[in-house]
Amino acid sequence: MTDLTTLTAGRLLDGYRKGEFGPVEAVRAALERAERIQPEVNAFVRILAEEALAQARGAQERWRRGEPRGALDGVPVTVKDILLLKGHPTLRGSRAVDPGGRWEEDAPSVARLREAGAVFLGKTTTPEYGWKGVTDSPLTGITRNPHAPSRTAGGSSGGAAAAVALGAGPLALGTDGGGSVRIPAAFCGIFALKPTYGRVPLYPASAFGTLSHVGPMTRDAADAALLLDVIGVPDSRDWSALGPAGGSFRQALGGGVRGLRVAYSPSLGGQVAVRPAVAAAVRRAVERLAELGAYVEEADPDFSDPVDAFHTLWFAGAARVTQHLGRYQRESLDPGLRESSARGARFSALDYLAAVDVRMDLGRRMGRFHDDHDLLLTPTLPITAFEAGAEVPKGSGHRRWTGWTPFTYPFNLTQQPAATVPVGTDGDGLPVGLQIVAARHRDDLVLRAAHALYEAGFTSGGS
């Protein structure tokens, strides 16, 4: 019998349509998997078993009548515990959030999923307020890698990535302010997309401002396109949301890569030291895209590391998100967040605006770059997953998580769409990710290129 936890959302929907199995079976299997993996990887803040089964029974009856509610009726999904889910606390990995508050509203992306009939399995773990590139917090402890529990799942959407990789739902909602869907997806061997900023509305607004995106985390690019079609529509609560997409992302998947102008930057012009096993796996994926008809050349974007500007914006956001806390609440914070918040509080308005100037210039440079290149390919990360419970790899010399994520945060500054695709493993069996970046508003090209790799049977990952 088919293991329903291994199926994509698209395959589940096909099975529902044909009567091969129903939402109750699929959701029960996903819940059982969630309960089984939780003690080892700690992917969930809470699992919503009774509520999910009730939703699944409703979906099953609608499918029996031939009247599915929407594009995801009966499909199990998880929601990162940064995003509001009506009826349940959103604690953001922090003891400073009161779980007894009024939780009466869905985030826009969650509301669209509910309207489409998706079944909510649970809330997934995050570092405190999503502030770093690994997932551990004073509230929920350490989230671990499904391929090697002694290693990190990455972050800040680490629980979401681990859940998808291990079959606890084929779809997950994550957030990405500096790499937070791409980092854990690369470490855990799944697909993730940071869409163009504003494509997926966000409410409440993030304290980290327009760095923060909501994105799909899935088993493949086709599922991400399916999910983006559902969640990528305007919502009046987000003043910066984009208008309706020009068409279906799922329908645009089949264009292939033939004729696309692709730039491959293995190290951003020598700025990043990439581990040989990572570099080799990424290069093989790039070569496969060339075999599929893309025009590939090695070319580096014209920018130096914008980390100082990113730190100004990011740490100022950390200061803002913790500004309301009293002394004892501050003492309960993740020490790294407390330190980053204190640093952010020292920046002036002029410091902030200088960082915005760097950001705008970076956006201009990347706009010019994409005049000549449809896509930019890089490693998602220069390393594979390191020890769990640490913000930076032991002995790396890095002070903050941005030291080992130089390929991800530049594209939060520019608001471009960027995805990670699993393209192999290192010598320890740990996943490697390829990052695919396009110009703003060309999410379709990112998804097309990733889908081409899946269709060619090149990608690898999951557990």
Side-chain angles (χ1 to χ4, degrees), residues 9 71-72 77-86 90 92-93 105-116 118 120 123-127 129-131 133 135 154-161 163-164 169 171-185 190-218 221 223-245 249 314 317 321 408-409 411-420 440-441 443 446-447:
L72 295 174
V77 302
T78 63
V79 178
K80 183 181 180 180
D81 201 37
I82 291 287
L83 299 168
L84 296 178
L85 176 65
K86 184 167 58 178
T90 297
R92 300 174 175 88
E105 198 168 15
D106 284 328
S109 52
V110 175
R112 301 295 85 76
L113 286 177
R114 195 182 297 278
E115 292 162 3
F120 299 109
K123 299 296 291 290
T124 54
T125 51
T126 175
Y129 296 106
W131 81 275
T135 300
S156 63
S157 307
V164 171
L171 305 179
L173 288 182
T175 62
D176 189 315
S180 289
V181 299
R182 289 160 291 155
I183 294 165
I190 67 165
F191 181 83
L193 170 70
K194 177 187 75 66
T196 299
Y197 179 81
R199 172 49 52 214
V200 181
L202 178 61
Y203 171 85
S206 172
F208 298 101
T210 57
L211 294 172
S212 294
H213 306 226
V214 178
M217 305 179 72
T218 59
D223 268 9
L226 171 64
L227 182 50
L228 189 58
D229 278 343
V230 171
I231 64 177
V233 295
D235 189 288
S236 60
R237 293 172 292 175
D238 184 351
W239 66 271
S240 62
L242 298 175
F249 292 105
W314 191 253
V321 80
T408 58
Y409 57 76
F411 305 109
N412 292 80
L413 290 167
T414 62
Q415 303 186 339
Q416 294 172 245
T420 183
R440 292 175 72 243
H441 312 295
D443 307 70
V446 173
L447 289 164

Say you draw a straight line from [atom1] of [X] to [atom2] of [Y]; how long is it, rounded to the nearest 0.5 Å?
{"X": "F120", "Y": "R114", "atom1": "CZ", "atom2": "CZ", "answer": "4.5 Å"}
{"X": "F208", "Y": "N412", "atom1": "CZ", "atom2": "CG", "answer": "11.5 Å"}
{"X": "I82", "Y": "S212", "atom1": "CD1", "atom2": "OG", "answer": "9.0 Å"}
{"X": "I183", "Y": "S157", "atom1": "CD1", "atom2": "OG", "answer": "9.0 Å"}
{"X": "Y203", "Y": "D238", "atom1": "OH", "atom2": "CG", "answer": "11.0 Å"}

Distance-only donor-acceptor check, side chains [X] and [Y], under 3.5 Å:
{"X": "D81", "Y": "T126", "answer": "no"}
{"X": "K80", "Y": "S180", "answer": "no"}
{"X": "K123", "Y": "T78", "answer": "no"}

Shortest non-hydrogen contact from [X] to [Y]?
{"X": "P127", "Y": "S156", "answer": "CD-O, 3.2 Å"}
{"X": "H441", "Y": "T196", "answer": "N-OG1, 2.9 Å"}
{"X": "P184", "Y": "G179", "answer": "CD-O, 3.9 Å"}
{"X": "D223", "Y": "A9", "answer": "OD2-N, 2.6 Å"}
{"X": "P204", "Y": "L84", "answer": "CD-CD1, 3.6 Å"}

For the backbone of [Y] and the side chain of [X], can you confirm whether one donor and one acceptor N or O come within less than 3.5 Å of each other?
{"X": "D235", "Y": "P201", "value": "no"}
{"X": "K86", "Y": "A107", "value": "no"}
{"X": "D443", "Y": "P417", "value": "no"}
{"X": "W314", "Y": "G178", "value": "no"}
{"X": "T135", "Y": "G154", "value": "yes"}

Pairwise side-chain contact, [X] with [Y], heavy-atom cut-off 4.5 Å (strictly under):
{"X": "M217", "Y": "I190", "result": "yes"}
{"X": "L173", "Y": "L113", "result": "yes"}
{"X": "L226", "Y": "L72", "result": "yes"}
{"X": "S240", "Y": "Y197", "result": "yes"}

Given L228, V233, L193, the one that forms side chain to side chain contact (heavy atoms under 4.5 Å, CB included) with R199 =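 The residue from L228, V233, L193 that satisfies side chain to side chain contact (heavy atoms under 4.5 Å, CB included) with R199 turns out to be L228.
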key: Residue of the set V110, D176, V200 for which side chain to side chain contact (heavy atoms under 4.5 Å, CB included) holds with V214   =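 The single option meeting the side chain to side chain contact (heavy atoms under 4.5 Å, CB included) with V214 is V200.
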message = Pair L83, T175 - check side-chain contact (heavy atoms from CB on, under 4.5 Å), show working.
response = CA-CA 8 Å; L83 299 168; T175 62; 4.0 Å; yes
task = Give the C-alpha distance, both sets of side-chain angles, the deciding distance and a yes or no for side-chain contact (heavy atoms from CB on, under 4.5 Å) between F191 and L447.
result = CA-CA 10 Å; F191 181 83; L447 289 164; 4.0 Å; yes
query = So, R112 and D106, do they make that salt bridge, N to O below 4.0 Å?
reply =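 No.
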query = Is there a side-chain contact (heavy atoms from CB on, under 4.5 Å) between Q415 and R440 once you walk through the steps?
reply = CA-CA 7 Å; Q415 303 186 339; R440 292 175 72 243; 3.7 Å; yes
